[in-house]
J.: 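One structure, as structure tokens, below. Some questions next.
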Amino acid sequence: MMQLHLSATDLATCRQQFPALANKTYFNYGGQGPMPRMALEAMAEAHNTIQEMGPFSNSVNAWVQQEAAQTRATIAQELGVPTETITLTENVSVGCNIALWGIDWQAGDHILLSDCEHPGIVAATQELQRRFQVTTSTFPLLATLNHGDVVDSMTRHLRPTTRLVIVSHVLWNTGHVLPLRELVTACHDRGVLVLVDAAQSVGLLPLNLTDTEVDFYAFTGHKWWCGAAGLGGLYVHPDSPLNPTFTGWRGIRTNADGDPLGWRTDGQRFEVATSDYALLAGLRAAIAFHQQWGSQTERYQRICYLSAYLWDCLGALPGLHRLCSTPPASGLVSFQITDTDNAPATHQHLVKYLEANAIMTRTLLSPNCVRACVHYFSQESDIDIFIKCLRQWQTHDRPVT
């Protein structure tokens with residue numbers, strides 16, 4: 001696979017824009033991406049603009065509307081969809097909840113999830129089950145990822161009453177990339193809607209959501225896009241039936257007297273009210289920063305190259321099990337310590353040891369493992385430092401079990 005080529009000088013220049021990379025070796029992009037200076041500066045400038053204008057005035061209101069419109073347009077271009085399909089949200093969970101609570105559920109309806117979904121989304125479906133007497137179930141995805149047919153596993157668990165399937169595009173626990181278009185086609189052939197948790201795909205994968213025909217795609221700006229926490233989005237297919245659950249001034253139309261006339265006809269109908277508008281400029285600046293260093297495809301190819309390098313290096317260490325049997329087609333690489341009687345405690349000890357050595361990773365609970373993430377501006381030397389520290393821990397500092 002061809003990859004984005006960054007010279008040592010270019011890579012150094014790129015990395016210098018991230019204050020978080022100056023004093024640590026960072027592998028937590030799947031949790032939160034560090035912000036480039038131009039994003040931080042754009043946010044500071046936006047805050048200053050708001051204060052200088054008002055901060056509550058007609059001029060600020062017009063400026064805010066323009067900022068939001070520009071951000072929706074920027075996001076839409078990155079995702080390959082019309083601007084009017086984009087809703088600005090706070091995070092992935094909010095986006096998923098907009099879709100989940102906007103469907104007109106009937107008692108007996110069925111929701112199918114994979115067994116790899118985030119606990120926050122699972123909890124939301126449990127509450128839907130309690131309130132509306134819908135049923136929920138899971139299909140086995142984790143066990144089939146390395147040697148099975150994901151689409152077949154899902155379709156075998158669909159029911160005549162299934163109305164919605166919930167999957168992640170990139171699995172947050174293993175790094176596997178699901179065949180989204182094929183999954184959507186299989187669901188639509190049976191009249192089933194698809195909600196995608198896109199926490200790990202936006203900013204990582206090259207995307208054209210129009211081609212996938214997905215119904216709902218909830219994402220965030222603070223992970224692989226390296227924007228600020230607190231700003232994300234939701235794509236809703238133009239033909240998907242969805243009603244707003246929360247209603248506020250940003251999502252409604254009014255007459256000359258300010259009386260509400262109903263919802264807006266575009267993605268803004270799911271937006272509610274006041275938020276931190278300076279984050280809009282920060283996210284656009286972060287996206288623009290990435291665009292300087294190559295296309296979506298070129299950046300993704302470099303991520304895959306670095307992910308494979310990390311996967312290979314982990315494979316050379318004894319007592320480890322990599323969750324993916326082949327290099328993952330994403331930036332997330334998870335592994336388990338196998339030669340222990342208490343893997344969860346051992347994983348926690350390892351992550352704390354790594355952080356004490358300025359190497360940032362994290363543990364996951366299901367399956368219990370350690371996850372390390374690489375971005376396109378990661379370096380082979382970052383991975384070498386990580387592997388060296390891991391070897392030292394194995395040899396000298398790991399707890400006795």
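We're numbering straight along the sequence, starting at 1.
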J.: Looking at Glu355 and Lys24, is any side-chain nitrogen of the basic one under 4.0 Å from a carboxylate oxygen of the acidic one?
T.: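 Looking at Lys24 and Glu355, the cut-off is not met.
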
J.: Can Asp384 and Lys388 be counted as an ion pair, charged N to O under 4.0 angstrom?
T.: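 The answer is no: the pair does not qualify as a salt bridge.
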
J.: Is the shortest side-chain N to carboxylate O distance from Glu127 to Arg131 below 4.0 Å?
T.: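 Looking at Arg131 together with Glu127, the answer is yes, because their closest N to O distance falls below 4.0 Å.
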
J.: Under the side-chain contact (heavy atoms from CB on, under 4.5 Å) test, which residues partner Asp109, sequence neighbours left out?
T.: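 Once residues adjacent in sequence are excluded, the partners of Asp109 under the side-chain contact (heavy atoms from CB on, under 4.5 Å) criterion are Trp105, Gln106, Val134, Arg163.
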
J.: Which side-chain hydrogen bond (donor to acceptor under 3.5 Å, both in side chains) pairs, counting each pair once, include a residue from residues 239-248, with sequence neighbours left out?
T.: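 As it turns out, the side-chain hydrogen bond (donor to acceptor under 3.5 Å, both in side chains) pairs with a partner in residues 239-248, which skip direct neighbours, are Asp215-Ser240.
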
J.: Is the backbone N or O of Gly319 less than 3.5 Å from a side-chain atom of Thr338, with the two atoms forming a donor-acceptor pair by type?
T.: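 Answer holds: yes.
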
J.: Considering residues, nucleotides and ligands other than Gln392, do more than 12 of their heavy atoms fall under 6.0 Å from its CD?
T.: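 Count over threshold, so yes.
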
J.: Take Gln77 and Thr74 through the test side-chain hydrogen bond (donor to acceptor under 3.5 Å, both in side chains) and record every step on the way to the result.
T.: CA-CA 5 Å; Gln77 184 175 20; Thr74 297; 5.9 Å; no

J.: With side-chain hydrogen bond (donor to acceptor under 3.5 Å, both in side chains) as the criterion, how do Arg253 and Thr265 come out once you've worked through the C-alpha distance, each side chain's angles and the decisive distance to 0.1 Å?
T.: CA-CA 9 Å; Arg253 297 177 291 109; Thr265 57; over 6 Å; no

J.: Would Arg156 and Asp149 pass as an ion pair if we require N to O under 4.0 Å?
T.: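 No, Arg156 and Asp149 are not salt-bridged.
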
J.: Sequence neighbours left out, what passes side-chain contact (heavy atoms from CB on, under 4.5 Å) with Thr220? Give chain and number order.
T.: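 Residues passing side-chain contact (heavy atoms from CB on, under 4.5 Å) with Thr220: Val92, His222, Lys223.
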
J.: Is the backbone N or O of Ser334 less than 3.5 Å from a side-chain atom of Arg371, with the two atoms forming a donor-acceptor pair by type?
T.: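 Checking the backbone N and O of Ser334 against the side chain of Arg371, no donor-acceptor pair under 3.5 Å is found.
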
J.: Has the side chain of His347 got a donor or acceptor atom that lies under 3.5 Å from a matching backbone atom of Gln336?
T.: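 It does not hold such a pair.
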
J.: Any side-chain donor paired with an acceptor under 3.5 Å for Arg15 and Ser378?
T.: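 Checked: Arg15/Ser378 side chains show no N/O donor-acceptor pair below 3.5 Å.
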
J.: Give me the one residue out of Val333, Val351, Thr346, Leu314 that meets side chain to side chain contact (heavy atoms under 4.5 Å, CB included) with Val370.
T.: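 Option passing the side chain to side chain contact (heavy atoms under 4.5 Å, CB included) with Val370: Val351.
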
J.: Could you tell me whether Phe270 and Phe246 have their ring centroids closer than 6.0 angstrom?
T.: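 No; Phe246 has its ring centre 6.0 Å or more from that of Phe270.
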
J.: Would a 4.5 Å heavy-atom cut-off, applied to side chains only, mark Trp393 and Ile337 as touching?
T.: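 The answer is yes; the side chains approach within 4.5 Å.
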
J.: Name the orientation class of the two ring planes belonging to His290 and Phe377 (parallel below 30°, tilted from 30 to 60°, perpendicular beyond 60°).
T.: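 His290 vs Phe377 ring planes: parallel.
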
